[in-house]
Amino acid sequence: MSVQQPITNHESLVTPDFAIDVRGVTKKFGARTVVNDIAMQVRPGEIYGFLGPNGSGKTTFLRMLCGLLKPDAGSGHCLGLDFRRESAEIKKRVGYMTQRFSFYEDLTIEENLDFIARLYAMPQRKLAVEKSLERLGMVERRTQLAGTLSGGWKQRLALAACLIHEPQLLLLDEPTAGVDPKARRDFWEEIHKLAAAGLTFLITTHYMDEASRCHRLGYIAYGNLLAHGTVDEVVKTAGLTTWEVSGENLSALADKIRGLPGVEQVVAFGTTLHVSGRDAEKLRASVAPFMSGAHGWTIIESGLEDVFISLMETAKDNFS
Amino acid sequence: MSFNLQRFWAVVVKEFIQMRRDRLTFGMMVGIPMIQLILFGYAINSNPKHLPTAVYAADNSPFARTIVWALRNSSYFDITREAHSTAEIKTMLAEGEVQFAVTVPVDFSRKLLRGEKPSLLLETDATDPAAVGFATAAINELTFFVLNHDLTGPLAKLRGTSPPFNLIAHQHYNPESITQYNIVPGLIGVMLTMTMIIITGLAITRERERGTMENLLSTPVHPGEVIIGKIIPYIMVGYVQVTLVLLAAKFLFDVPFMGSVPLLVALTFLFIVANLAVGITFSTIAKNQLQAVQMAFFFFLPSLLLSGYMFPFRGMPGWAQDIGECLPLTHFLRIVRGILLKGNGLAECASDLWPIALFVAVALAIAVKRYRQTLD
Ligand SMILES: Nc1ncnc2c1ncn2[C@@H]1O[C@H](COP(=O)(O)OP(=O)(O)OP(=O)(O)O)[C@@H](O)[C@H]1O
Ligand SMILES: [Mg+2]
């Protein structure tokens, strides 16, 4: 939906065109570089999906944005404030939902919300808590201890709590992990509604269906941002060719194809097989001998998952 | 970095709720003083009676016999030996055969009759000072009335507001005596040190261990607001404990309340804050709750041993006294004993107040500095 901005545009440094506008962000733990020279621009009202394998540095990046970790390098702005020097101000305007449930299990739902509302010095605290309980659908269960909530409900409470001070930017770290499909759909409906109202979201997720519901995506592996843009852009720039194979005995076929030059991924998708590689010619040459058989071969558009796995494989070669 | 009252209050309210929900810890906060009271008050510092006593009656007059008879009746003394010389008494005490030795000097009755107030010598083996305090007090009291029956007729004028003879108590081996009156008021300090440091030691490490710290840090709350907000509820717990011990001191142990209780309560505030500051400092340093508890014990042991609670302060070697002077408990013990037993006022307490105040300032400064506003 949005036109991509060149990330080296220094004019954007002070313009409030971006809710997040950072570059060169780097974090090291000891000798290990966990986040390496990442640049990111997110427009107000945008839902930015942040994807990447486990341990790729997503949580670390979010923590740096809201002042929980000190970056080793990098500059830029968050909601028009210097993200390295003005983190106290940024904290007031950002809602951060941690990956691990981090509310007080020995406080009730209402007490947790009330505590957070007090910390943000909300002028109409009681009202804000009440509204939040209503939105959560937890008015009747307000006196339940947070520790006794199911996993999905804990996630919902956490989201409600980080919305209570009406932040402009939300950093959500795997907000839907362990949440059932219906609740996940409701959650995304809510996110889109809020985004339409002007809130900006940076959301990490491991779900492909959620990735495709984001306005734009960033893919990080080994601390490096490997791809970013809209879903289509990401798929296109990856330059992946994917063949869909249908027919009998697909697993025997998969064993034969795997490892041939140009064949990077062979993945079973239900009753079909996806065979993909970045070098279209090499791939065609390798699989051509198998096309004569009983199987049907068609070129399809690569999926996000194929693209991400391909990106990750390449990154493994380059960075690790 | 401005201190925001609302955020501070948020932390206070939260801590109170959590304290209420945590039944075990809450029970501990009331249970620990009770256990300490029983252990220190009854078991360890019992009020020993029937202590072996030697008598050397150089003057075998009726007066001397009355005194010996009264000693026997007091139940504190068992006259187990009769000595015939000063040297004999010395060996008996040295060898621990007797705890006490009473000497009635040669010219006791002659001087008494002349109204010259002769001396009665009481020598004690005070290596276990707790053992002799009561007995000494008992014999001291005897001097006022023991001879009343003998001083009749023309001698009645010798009875009066002051005893007809002087008791010269001579404590051997240990100049500073500790009585039960000493132990129970001191218990206020020991107990506050132990519970306050452990409980607050857990306060911040718990947030870190449960992952709630990450959330807390992502909000605008400042270190000072968190730390002071966490301290307040425990100050109140501290006062509950103080009240318990003071009630026990008064009604179970009959400790005299010579000075002003409100003054004691007021000065206790500073001491509670000192301990909370230590606990909070520990919890900013410790990586987990276990470490915090270990650190609390690391601080508690020297406090117990070197403050003058367990052993007489002046009986300790110089280096131990130097360490003791740095501990808030040492000064608090002097304050609490001074107020309750000696009836001291604020002026007499001042010299022990400023060291505690200094301690608080240093500990809080470390705590606020150590409280990390980031996760790394
Ligand atoms: N405080 C820390 N000290 C040392 N290493 C750390 C620290 N925090 C994170 N790391 C390391 O940094 C790397 C990135 O971690 P991070 O949590 O950012 O990954 P992630 O992308 O969020 O992964 P996941 O999808 O599993 O949540 C990991 O290898 C992790 O072990
Ligand atoms: Mg993570």
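Chain naming here is simple, since letters A, B, ... match the order of the sequence lines and numbering starts at 1 in each.
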ask   = Backbone N or O of B:Gln289 within a donor-acceptor pair of the B:Glu209 side chain at under 3.5 Å?
value = yes
request  = Among A:Ala121, A:Ala117, A:Cys66, single out the residue with the greatest number of heavy-atom pairs under 4.5 Å to chain B.
outcome  = A:Ala121
query = B:Asn4, B:Val11, B:Thr212: which one forms the most heavy-atom pairs within less than 4.5 Å of chain A?
reply = B:Thr212
task = Examine whether an atom of A:Ser87 lies under 4.5 Å from a heavy atom of chain B, and if so say whether it belongs to the side chain, the backbone or both; otherwise answer neither.
result = neither
task = Please find out if less than 6.0 Å separates the ring center of A:Phe101 from that of A:Phe103.
result = yes
ask   = Is it true that A:Arg142 and A:Glu111 make a salt bridge, defined as a side-chain N closer than 4.0 Å to a carboxylate O?
value = no
note = When the 4.5 angstrom heavy-atom criterion is applied to A:Met97 and chain B, the contacting part is neither
note = Heavy atoms of A:Ile220 and A:Lys58 approach each other most closely as CG2-CG, 3.6 Å
inquiry  = Given heavy-atom pairs under 4.5 angstrom as the criterion, report whether the side chain, backbone, both or neither of B:Leu5 touches chain A.
reply    = neither
request  = Name the region of B:Glu207, side chain, backbone, both or neither, that has any atom closer than 4.5 Å to a heavy atom of chain A.
outcome  = side chain
key: Part of B:Arg210 within contact of chain A (heavy atom distance under 4.5 Å)   = both
query = Roughly how far, to the nearest 0.5 Å, is the CD1 atom of A:Ile90 from the OG atom of B:Ser218?
reply = 13.0 Å
ask   = Between A:Phe115 and A:Tyr104, is the gap from one ring center to the other below 6.0 Å?
value = yes
Residue part contacting chain B, namely of A:Leu145, when any heavy atom lies under 4.5 Å = side chain
